[in-house]
A.B. asks: 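Encoded as structure tokens, here's the structure I'll be asking about.
In this text the structure is predicted, and so the values were computed from the model without any measurement.
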Amino acid sequence: MQGYINSFESFGTKDGPGIRFVVFMQGCPLRCLYCHNVDTWELKDKNYIYTPEEVLAELNKVKAFLSGGITISGGEPLLQSSFVLEVFKLCKENGIHTALDTSGYIFNEQAKKVLEYTDLVLLDIKHIDKDMYKKLTSVDLEPTLNFIKYLQEINKPTWIRYVLVPGYTDDIKDLNDWAKFVSQFDIVKRVDILPFHQMAIYKWEKTNREYKLKDTPTPNKEQIQRAEEIFRKYNLPLYKERS
């Protein structure tokens, strides 16, 4: 069993509770216009090949400094779900908290097996309008909606992330519809609003891909506050970083 891995982050603080070991898997079926890991899209692009045991060995090198556990991200980790499953099995055998950072697009029986060994899901619901979702990602929204409904069915703790992109994901009606949909799931323990930024533009240039959002601004304070107010109106557990 081997997995294609883009990179590791030894001391992640944004990808689940505590200080975590983050594994960025290679490969993703989505083509998000604002992707900040565009270098992970192709499964066998420049990357590293590891066994599950080797991933655990990398984690163990920094385990003494970790207060959280492991987060497997991407790319889309469920594109390599059999590998992720074996890593998580090893982690559970060793008492390590597991988190899965996913778009929810790949929803099949193997994904369900991975969830059996997952303590926390970090789910991106990038838009609630199916046409805008497809424009943003190039794939259909329905699998992700089915994914969160299944998470509710199995009572899996979930954090949800929403990237606020001016002109794409900041429409008032869409924000209300998104918040109303998410508010029905009591498994949602935290919601993060992530302001769009341009820090990944160099990756697009390096991979010779057309970056359609190069002229899109970062949302201003008022735009962020407006989204926060809408989410709070639906009693979502909005996370605010301490300044």
A.B. asks: Pick from Glu76, Met25, Lys203, Gln26: which one makes a side chain to side chain contact (heavy atoms under 4.5 Å, CB included) with Asn37?
C.D. replies: Lys203
A.B. asks: Under a 4.0 Å N-O cut-off, is there an ion pair linking Glu53 with Lys89?
C.D. replies: no
A.B. asks: State, to 0.1 Å, how close Gly167 and Asp170 come at their nearest heavy-atom pair, and which atoms those are.
C.D. replies: N-OD1, 3.0 Å
A.B. asks: Should Lys130 and Asp140 be marked as a salt bridge (charged side-chain N to carboxylate O under 4.0 Å, His left out) after you check the CA-CA gap, both sets of side-chain angles, and the distance that decides it?
C.D. replies: CA-CA 7 Å; Lys130 65 179 182 180; Asp140 293 329; over 6 Å; no
A.B. asks: Are there more than 12 heavy atoms of other residues, nucleotides or ligands under 6.0 Å from atom NZ of Lys135?
C.D. replies: no
A.B. asks: Please evaluate residues Glu205 and Tyr211 with respect to the criterion side chain to side chain contact (heavy atoms under 4.5 Å, CB included), reporting the C-alpha separation (whole Å), side-chain torsions for both, the decisive distance (0.1 Å), and the verdict.
C.D. replies: CA-CA 8 Å; Glu205 294 171 347; Tyr211 184 50; over 6 Å; no
A.B. asks: When you measure from the side chain of Thr118 to the backbone of Leu100, do you find a donor-acceptor pair of N or O atoms at a distance under 3.5 Å?
C.D. replies: no
A.B. asks: What pairs with Arg190 under salt bridge (Lys or Arg N to Asp or Glu O under 4.0 Å), at least two apart in sequence or on another chain?
C.D. replies: Asp192
A.B. asks: Taking the side chain from Asp124 and the backbone from Lys126, do they hold a donor-acceptor pair closer than 3.5 Å?
C.D. replies: no
A.B. asks: Can you give me the closest heavy-atom contact between Pro219 and Leu164, atom names plus distance?
C.D. replies: CG-O, 3.5 Å
A.B. asks: Less than 4.0 Å between a side-chain N and a carboxylate O, is that true for Asp101 and Arg161?
C.D. replies: yes
A.B. asks: Backbone N or O of Val22 within a donor-acceptor pair of the Ser73 side chain at under 3.5 Å?
C.D. replies: no
A.B. asks: We want to know whether Thr218 and Gln198 form a side-chain donor-acceptor pair, criterion being a heavy-atom distance below 3.5 angstrom.
C.D. replies: no
A.B. asks: Heavy atoms only: give me the nearest Val163-Thr169 pair and the separation to one decimal.
C.D. replies: O-OG1, 2.8 Å
A.B. asks: With a cut-off of 6.0 Å (strictly less than), are more than 12 heavy atoms of other residues, nucleotides or ligands near NZ of Lys113?
C.D. replies: no
A.B. asks: Measure the CG-CG distance between Leu66 and Asn60 for me, rounded to the nearest 0.5 Å.
C.D. replies: 9.0 Å
A.B. asks: Using the ring-ring contact (aromatic ring centres under 6.0 Å, His included) definition, which of the options Phe24, Phe8, Phe83 pairs with Tyr50?
C.D. replies: Phe8
A.B. asks: Identify the two heavy atoms, one from Phe147 and one from Leu123, that lie closest to each other, and give their separation to 0.1 Å.
C.D. replies: CD2-CD1, 4.0 Å
A.B. asks: Would a distance-only check, ignoring hydrogens and angles, find a side-chain to backbone donor-acceptor pair under 3.5 Å from Thr158 to Lys156?
C.D. replies: yes
A.B. asks: Tell me whether Asn94 contacts the main-chain N or O of Ile96 through its side chain, where contact means a donor paired with an acceptor under 3.5 Å.
C.D. replies: no
A.B. asks: Mind checking the CG-CD1 spacing from Asn176 to Ile128? Nearest 0.5 Å is all I need.
C.D. replies: 12.0 Å
A.B. asks: What is the distance from atom CG of Leu78 to atom CG of Leu115, rounded to the nearest 0.5 Å?
C.D. replies: 7.0 Å
A.B. asks: Grab the two heavy atoms, one from Asp15 and one from Arg20, that are nearest each other, plus how far apart they are.
C.D. replies: O-CD, 3.2 Å
A.B. asks: Check whether the ring centres of Phe231 and Tyr162 lie less than 6.0 Å apart, and answer yes or no.
C.D. replies: yes
A.B. asks: So, for Pro157 and Leu120, which heavy atoms are closest and what is the spacing to 0.1 Å?
C.D. replies: O-CD1, 3.4 Å
A.B. asks: Report the residues that fulfil side chain to side chain contact (heavy atoms under 4.5 Å, CB included) with Lys112, sequence neighbours left out, ordered by chain and then residue number.
C.D. replies: Phe107, Glu109, Tyr150
A.B. asks: Thinking salt bridges, do Arg226 and Glu229 make one under a 4.0 Å N-O criterion?
C.D. replies: no
A.B. asks: Looking at OG1 of Thr144 and CG of Leu30, how far apart are the two atoms once the value is rounded to the nearest 0.5 Å?
C.D. replies: 7.0 Å
A.B. asks: Do Thr137 and His127 make a side-chain contact, defined as non-hydrogen atoms from C-beta onward lying under 4.5 Å apart?
C.D. replies: no
A.B. asks: Is the number of heavy atoms from other residues, nucleotides or ligands under 6.0 Å of Lys189 NZ greater than 12?
C.D. replies: yes
A.B. asks: Is the backbone of Ile19 close enough, under 3.5 Å, to the side chain of Ser67 for a donor and an acceptor to pair up by distance?
C.D. replies: yes
A.B. asks: Is Tyr133 linked to Ile125 within one hydrophobic cluster, defined over Ile, Leu, Val, Met, Phe, Trp and Tyr using a side-chain heavy-atom separation of less than 4.5 Å?
C.D. replies: yes
